[in-house]
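See structure below.
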Amino acid sequence: MGRAEVAYYNNPFQHQSLERSLDCWRVVDGLFSGEEVEDIIKIGEGCEQDSGQVIYKNKLNFIVRRSKVAWVGSSEMKPVYDKVWDALAGLNRLHWGFEIDSLQNAQYSTYGPLCHYFYHMDIGTKEGTGERKLSVSINLTNPAEFIGGKLRVIGGGANEKYPSQSLGAMIAFPSYLMHRVSPVWWGTRRSLVFWATGKPFS
């Protein structure tokens, strides 16, 4: 695994919370190389995929969400989990200061033409969602290979409308922030999503 360049890991003021903002997203560009991304895609495509589910009145609601997903455990890609955890822990120390202790199983997501995910939060009351603190999305597709499919996070601290969509970039944000994936109009967008968990907010 290559080493990502993160300019703000060693901030001497991090314990004074001078950069802390609870309503923003942060990006680590180039966390994964093109070769590493190809390896992740091979693993993801080798897993059983199903519809990304939003259930309303006992039926799949494709108005809210339309995508394919597969679940990938840490045993199948431990170096990826380790790299994400190390980068996320550094961002968390600097920007949010949440108590986090583990990553839930990764979700490999595929968005083909007309696939999307409307505004939602990742934290909730259903089993497995109540302890989510931070959400992570890794872009696995060259931006030149799809149109649309942009991740947008509603956060007052962000300087730009959309996080970076560069290949191998990691976007992290508090799980209580509203976010969406806009419709893909051409091509296919692939991503790997994680959630860092900890003691529920109180």
Side-chain angles (χ1 to χ4, degrees), residues 25 31-32 36-85 88 102-143 145-153 162-165 167-197:
W25 46 261
L31 182 64
F32 292 97
E36 291 172 327
V37 166
E38 289 180 6
D39 291 340
I40 293 171
I41 291 175
K42 287 179 182 178
I43 295 172
E45 291 295 322
C47 297
E48 183 178 354
Q49 297 189 48
D50 202 352
S51 294
Q53 296 187 359
V54 171
I55 306 295
Y56 180 69
K57 293 185 177 180
N58 298 320
K59 294 183 180 179
L60 282 175
N61 189 325
F62 293 113
I63 296 176
V64 174
R65 185 180 190 183
R66 183 186 294 269
S67 65
K68 292 289 186 181
V69 301
W71 297 96
V72 187
S74 59
S75 61
E76 297 165 274
M77 51 169 66
K78 187 178 185 302
V80 175
Y81 274 73
D82 290 344
K83 197 169 197 179
V84 168
W85 178 259
L88 184 61
S102 62
L103 293 173
Q104 290 183 331
N105 282 350
Q107 185 183 89
Y108 174 78
S109 300
T110 303
Y111 293 84
L114 302 183
C115 288
H116 68 282
Y117 198 166
F118 197 63
Y119 283 112
H120 64 284
M121 294 186 295
D122 289 340
I123 190 170
T125 57
K126 292 184 178 180
E127 183 179 356
T129 64
E131 297 180 352
R132 289 176 179 173
K133 296 289 194 68
L134 292 169
S135 299
V136 172
S137 179
I138 311 292
N139 183 37
L140 303 178
T141 309
N142 188 320
E145 297 178 2
F146 64 97
I147 296 174
K150 287 188 175 183
L151 172 66
R152 184 179 184 189
V153 183
Y162 297 101
S164 169
Q165 290 208 125
L167 182 67
M170 182 183 93
I171 302 101
F173 53 92
S175 298
Y176 52 70
L177 290 184
M178 296 288 288
H179 57 285
R180 72 170 296 184
V181 176
S182 63
V184 174
W185 302 116
W186 173 81
T188 300
R189 174 189 182 270
R190 294 180 174 86
S191 63
L192 190 67
V193 175
F194 292 86
W195 299 276
T197 61

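Start at 1 with the first residue, then count along the sequence. Below, all heavy atoms of this structure are taken into account, side chains as well, without hydrogens, waters or symmetry copies.
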Does any donor atom in the side chain of Ser67 or Ser109 lie under 3.5 Å from an acceptor atom in the other side chain? no

What residues, two or more places apart in sequence or in another chain, satisfy side chain to side chain donor-acceptor pair (under 3.5 Å) together with Asp82? Lys78

List in chain and number order the residues that pass side chain to side chain contact (heavy atoms under 4.5 Å, CB included) with Asn142, two or more places apart in sequence or in another chain; answer none if no residue qualifies. Ala144, Glu145

Which residue is it: Val80, Ile40, Ile43? I am looking for the one with a side-chain contact (heavy atoms from CB on, under 4.5 Å) to Val72. Ile43

With distance as the sole criterion, is a donor-acceptor pair present between the side chains of Ser191 and Asn139 under 3.5 Å? no

Which residues pass the ring-ring contact (aromatic ring centres under 6.0 Å, His included) test with Tyr176, sequence neighbours left out? Phe201

Listed by chain and number, what are the side chain to side chain contact (heavy atoms under 4.5 Å, CB included) partners of Ser102, not counting sequence neighbours? Thr197

Scan residues 180-193 for pairs that pass salt bridge (charged side-chain N to carboxylate O under 4.0 Å, His left out), counting only residues two or more places apart or in two chains. Glu45-Arg190

Is a side-chain N or O of Arg132 found less than 3.5 angstrom from the main chain of Asp122, in a donor-acceptor match? yes

Do Thr188 and Thr141 have side chains that get closer than 4.5 Å, going by heavy atoms? no

By side chain to side chain contact (heavy atoms under 4.5 Å, CB included) - contacts of Leu177 (at least two apart): Asp23, Val153, Phe173, Pro174

Phe194 and Tyr81: aromatic ring centres closer than 6.0 Å? yes

